[in-house]
Amino acid sequence: MARVAGRSVWIAWPVGVLCAAVIAGLAVLAAPGLPGAVTFVGDTLRAGSTTAPWTDAPRVPGPATTCRDLYTQPMWSTLVWSPEALLTQRRTGALSTPEAVAAAGSTPVVTCHWRGESGRWLETSVATVSAEGAAAVAATLTGQGFACAPDGDATHCERTAGDVVEVHDLRGDRWVSSTFSGWMPDGYAAIVASRAVGE
């Protein structure tokens, strides 16, 4: 094998031995700390796997007034990390049921429109409505083919047409209207309905 010009075997060997001795010395010095390091890493990993999940997003107490208020932390993460997810927030009434909006005399609070991949989308509108307005909404939706039924202290209306699902919840002074087109995360309607009224 050809030698590299300028390399001296008489210097390379002692320097190599010196480097090996330094590494061995550092290993001896570090050995007493090894059990502590292993314990620290193990405790950190165990704590990370047993910590209770953060299930509620920080928010101002009371009814939701922004899109972020409408979702628990897990639901927000599901939506934000969905492929090609894009959120648009506006303050308008539900666009899917203009007749019900007109009958309700409601005041828009917030509308959250999520666009996803392959043309999937979902939209939720929250509005305040009087007791008379809520009754008018339920009557109008029933006339449009929605299945409406009491659900505890609320009225729940739902209709499916192809891959489009519409869900309306009237609870207290809140009307929560959600429309799903090919995209309906598990538990979505129940979560936004409860968060909209501040539960």
Side-chain angles (χ1 to χ4, degrees), residues 53-60 62-129 133-134 136-149 151-152 154-199:
W54 185 33
T55 58
D56 204 13
R59 57 188 285 237
V60 176
T65 57
T66 68
C67 290
R68 186 64 189 89
D69 292 342
L70 277 179
Y71 307 103
T72 59
Q73 182 62 35
M75 180 63 70
W76 178 258
S77 298
T78 297
L79 293 168
V80 168
W81 290 104
S82 295
E84 301 179 22
L86 179 64
L87 170 64
T88 303
Q89 178 175 293
R90 62 181 191 272
R91 299 200 181 275
T92 60
L95 299 180
S96 63
T97 54
E99 298 85 357
V101 171
S106 57
T107 302
V109 174
V110 66
T111 292
C112 309
H113 180 91
W114 292 89
R115 188 192 72 201
E117 64 178 346
S118 305
R120 300 183 316 153
W121 60 272
L122 62 88
E123 181 172 284
T124 296
S125 296
V126 179
T128 58
V129 64
V137 169
T140 303
L141 293 176
T142 300
Q144 293 179 337
F146 283 82
C148 294
D151 184 13
T155 300
H156 180 82
C157 299
E158 190 167 330
R159 179 178 70 182
T160 302
D163 67 344
V164 176
V165 178
E166 289 186 62
V167 177
H168 298 265
D169 286 291
L170 297 146
R171 184 180 305 181
D173 67 344
R174 289 293 189 273
W175 173 21
V176 183
S177 168
S178 297
T179 304
F180 308 91
S181 179
W183 186 12
M184 190 175 183
D186 291 341
Y188 180 97
I191 288 172
V192 297
S194 64
R195 302 271 294 191
V197 297
E199 294 180 353

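Between T65 and V109, the shortest heavy-atom contact is CA-CG1, 4.0 Å. The two atoms that bring A94 and S177 nearest to each other are CB-OG, 3.6 Å, heavy atoms only. Summarising the geometry of D151 relative to H156, their closest heavy-atom pair is CB-CB, 4.2 Å, with the distance given to 0.1 Å. Here the closest non-hydrogen pair linking S82 and T78 is OG-O, 2.6 Å.
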Exercise for the section: Would you sort out whether E123 and R115 count as a salt bridge (Lys or Arg N to Asp or Glu O under 4.0 Å), showing the intermediate values? Expected result: CA-CA 9 Å; E123 181 172 284; R115 188 192 72 201; over 6 Å; no

Practice task
In sequence, state the C-alpha distance, the side-chain angles, and the governing distance for Y188 and T124, and then conclude on side-chain hydrogen bond (donor to acceptor under 3.5 Å, both in side chains).
Solution key: CA-CA 10 Å; Y188 180 97; T124 296; 2.6 Å; yes

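R120 places no side-chain N or O within 3.5 Å of a backbone atom of W183 that could act as its donor or acceptor partner. A donor-acceptor distance shorter than 3.5 angstrom exists from the side chain of Q89 to the backbone of C67, with no hydrogens or angles considered. The backbone N or O of G198 sits nowhere less than 3.5 Å from a side-chain atom of R195 that would complete a donor-acceptor pair. Panel note: side chain T111, backbone T92; a donor-acceptor pair is recorded below 3.5 Å.
Residues F180 and W121 have side chains not in contact (no heavy-atom distance under 4.5 Å, counting atoms from C-beta outward). No side-chain heavy atom of S178 sits under 4.5 Å from any side-chain heavy atom of H168.
Not less than 6.0 angstrom separates the ring centroid of W81 from the ring centroid of W114.
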Going by atom type alone, with no hydrogens or angles, which donor-acceptor pairs under 3.5 Å involve a side-chain atom of residues 97-104 and a protein atom two or more places apart or on another chain?
from, atom 1, to, atom 2, distance (Å)
E99, OE1, Q144, NE2, 3.0

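T88 is linked by a side chain to side chain contact (heavy atoms under 4.5 Å, CB included) to H113, counting only residues two or more places apart in sequence or in another chain.
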